Amino acid sequence: MTAEEYLDKEQENRLLNRFLKWREEHISPRMFVLILAFMVGLFSAMAAFILHSLINQIVLLLTSSFDSGNANWLYLVYPVIGIYLTSLFVRYVVKDNISHGITRILYAISSKRSRLRGHNCWSSVIASAITIGFGGSVGAEAPIVLTGSAIGSNLGKLFKMDNKTLMLLVGCGSAGAIAGIFKAPIAGLVFTLEVLMIDLTMASLLPILISCVTATCFTYIFRGSMSLFTFHLDSAWTVERVPANILLGVACGLVSLYFIRTMTLCEGVFARYKDKPYVKLCIGGVVLSLLIFLFPSLYGEGYKDINLLLNGQTQQDWNHILNNSLFAGQGNLLVLYLGLVMFTKVVATSATNGGGGCGGTFAPSLFIGCFAGFLFAHLWNMYHLGVYLPEKNFALLGMAGVMSGVMHAPLTGIFLIAEITGGYDLFMPLMIVSVCAYLTINLFEKHSIYGMRLAKEGKLITHHTDHAVLTLMSLDSVIDKQYLAVTPDMYLGEIVNKVSRSKTDILPVLDAGGGLLGEINITKIRHVLFRIELYHHFKAQQLMAPPAVVLADDAPMTEVMSAFDRTHADWLPVIDSDKHLKGYISRRRMYGMYRKMVADLSQD
């Protein structure tokens, strides 16, 4: 840093400190949080508008000249270019992993004290615009949610907010992002509750609502009154369709299971080549390009085809979905085409992200749900299985069902689909399908596609207060590293000298490399401590005992708490991956921190 840059930074710090002092004198903490929530909602809406504008411009530039009646060979080229450009941008500009946006937010909440890096405020917008604009079969929602959350986190850090307020601002950012993308404020609020697991107290409800309403209003200003999806109800729901709604919910649950399992399998394949980016690019690019060439509906987010299924009424309308493909003009193959697209969408999404692209699974779940619901109703009517089912209505219901299953968020599915389509008249079937899909997927997968990776590591926040507090606690924050160690051949006289200076009841016995051999509990050797005649008769190796439990430095706090409950020990040692002692955890200190965090989380 040059002298000039240093002086500029010092000037900025002085101005910030003056502002913070003025704020403390004139604006209450609660009011300031509401102001920050407004700013987060505004910036989230701007980010969503910029991203969708970039995507639309790139798509228009690349595909406007395509002949709708024939297959286009450029579908074999564009996706590879998009993934390659994105990977270069991430590797040489961002220099950080920005994939799995919502999972990264959950990880930041549970393990990073809700702190997201500054580049997350813009890097995902650029990377996902390139990926999706060039045909990457992913969604823009997760990158925008990560962007909104990063805006909230970094605003909180700038104004020196505490950890609890930072978590709230991260929730405001994600809620504002969903509300801004879809013009769906209630869905944004519910998304934060269901997916990010941020509990809504009266203190947190108002800021999140302000962020959602602000983002929605500014999105109307930026983009007008048109919804992301257009839908007009032609056939009102009747009670005779309840059995079909239940069956659709079960089918959506099974489709969600296929979605999660297939994506996990594909991610495992790409994980084998994590140190070989060009191999990943070749595999992902080739798979994605071939799939898009065969099924152009897989190009980008696919919202154009969703709108087609939500508004088409006749076979002729639906046949437009075959345009630009090898199936163009062959309406008799519509069902086959839709089925193949539905089942290959997951592979295309995995190939996009696995190859080096950037995008989320939010839009793919809506896309697959729409196709699944349409196919369900179309086949039902084709084979006359019962009362007539309007295909467009069931396409809408399928979107809610698969989203509810993939995200384990039935309320988000219900309110999002109702808000973005104005389909409030279908509230009852939306509830039936979403709940049935959620119950079905729950039989096979206990966590959402976003949470399953963290759940395996014990780092997923849940609405269970005990578990949430332990997940938020940091192991490093409770380790006492100020210990006095002894060697195995140290005589009792020297040990007594250590005891006189020790602040704990435990003296670890370490080998020459710092490995833990055992420990001496001072309270258990009192009978020899003050017998001077024994000072040269006993060595540490004769007085030590194995610890009740040895904890790894990456152990989840739930495991630490369980170890204390099981052993009733007052101190437990923590070792690193090389078996070297890092320090001790005090039962008293850990329970004190636990009680404080419970009180903070419960404070209204």
Side-chain angles (χ1 to χ4, degrees), residues 8-49 105 108-110 112-122 144-180 185-186 188-193 196-219 221 461 468-469 472 596-604:
D8 289 342
K9 192 170 183 65
E10 284 294 306
Q11 179 69 13
E12 289 175 8
N13 289 334
R14 283 197 294 271
L15 289 173
L16 178 60
N17 289 332
R18 285 171 59 187
F19 171 78
L20 292 175
K21 185 177 180 181
W22 177 88
R23 192 267 296 175
E24 289 175 0
E25 294 173 354
H26 296 87
I27 305 176
S28 69
R30 181 172 174 79
M31 181 58 67
F32 191 62
V33 170
L34 298 183
I35 294 172
L36 289 179
F38 172 84
M39 294 172 63
V40 170
L42 168 60
F43 292 139
S44 298
M46 291 174 63
F49 174 72
I105 299 170
I109 292 173
S110 65
K112 298 290 185 182
R113 295 180 298 164
S114 301
R115 283 160 167 76
L116 289 159
R117 295 187 177 183
H119 72 72
N120 289 128
C121 296
W122 54 269
I144 285 296
V145 171
L146 176 58
T147 300
S149 296
I151 290 170
S153 176
N154 283 276
L155 274 177
K157 287 191 292 183
L158 176 64
F159 295 113
K160 304 186 186 310
M161 297 289 103
D162 57 41
N163 292 339
K164 185 179 179 183
T165 306
L166 273 182
M167 184 190 295
L168 176 58
L169 291 174
V170 167
C172 288
S174 64
I178 293 295
I186 299 176
L189 176 70
V190 175
F191 174 86
T192 301
L193 170 66
L196 297 191
M197 301 293 178
I198 294 179
D199 285 316
L200 297 182
T201 62
M202 289 307 297
S204 61
L205 180 61
L206 188 55
I208 295 176
L209 275 175
I210 287 175
S211 182
C212 290
V213 172
T214 302
T216 304
C217 289
F218 276 99
T219 301
I221 293 173
I461 296 288
V469 170
L472 288 169
K596 183 180 183 303
M597 291 188 69
V598 169
D600 287 345
L601 279 182
S602 303
Q603 186 177 6
D604 198 34

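Everything numeric here is computed off the predicted structure, so don't read it as measured data.
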Do the side chain of K160 and the main chain of N17 share a donor and acceptor less than 3.5 angstrom apart?
no

If I take atom CZ from residue F32 and atom CD1 from residue I27, how far apart are they, to the nearest 0.5 angstrom?
6.5 Å

Any side-chain heavy-atom pair of I210 and V40 under 4.5 Å:
no

Reported CD1-to-CD1 distance for the pair I144 and I178, which is rounded to 0.5 angstrom:
9.5 Å

R117 and N154: side-chain donor and acceptor closer than 3.5 Å?
no

Nearest 0.5 Å, please: how far is CE in M39 from CD1 in I151?
10.0 Å

For residues 19-26, tabulate all N or O donor-acceptor pairs below 3.5 Å that involve a side-chain atom, not counting sequence neighbours.
{"unit_1": "W22", "atom_1": "NE1", "unit_2": "H26", "atom_2": "ND1", "d": "3.2"}
{"unit_1": "H26", "atom_1": "ND1", "unit_2": "W22", "atom_2": "O", "d": "2.9"}

Do the side chain of S149 and the main chain of L146 share a donor and acceptor less than 3.5 angstrom apart?
no

Under the rule for ring pair (Phe, Tyr, Trp, His ring centres under 6.0 Å), what residues qualify as partners of F38, not counting sequence neighbours?
none

Closest non-hydrogen atoms of T192 and A175, given as atom of the first, atom of the second and distance, are OG1-CB, 3.1 Å

To the nearest 0.5 angstrom, please state how far the OG1 atom of T219 sits from the CE atom of M46.
11.0 Å

Pairwise side-chain contact, V33 with L206, heavy-atom cut-off 4.5 Å (strictly under):
no

Determine yes or no for a side-chain-to-main-chain donor-acceptor pair under 3.5 angstrom, with T216 supplying the side chain and C212 the backbone.
yes

Are the side chain of S153 and the backbone N or O of L116 linked by a donor-acceptor pair below 3.5 Å?
yes

Note, T165 side chain near D162 side chain (heavy atom, < 4.5 Å):
yes

With heavy-atom distances below 4.5 Å as the criterion, would you say the side chains of M161 and L168 are in contact?
no

Polar side-chain atom of S211 near backbone of C172 as donor-acceptor pair, under 3.5 Å
yes

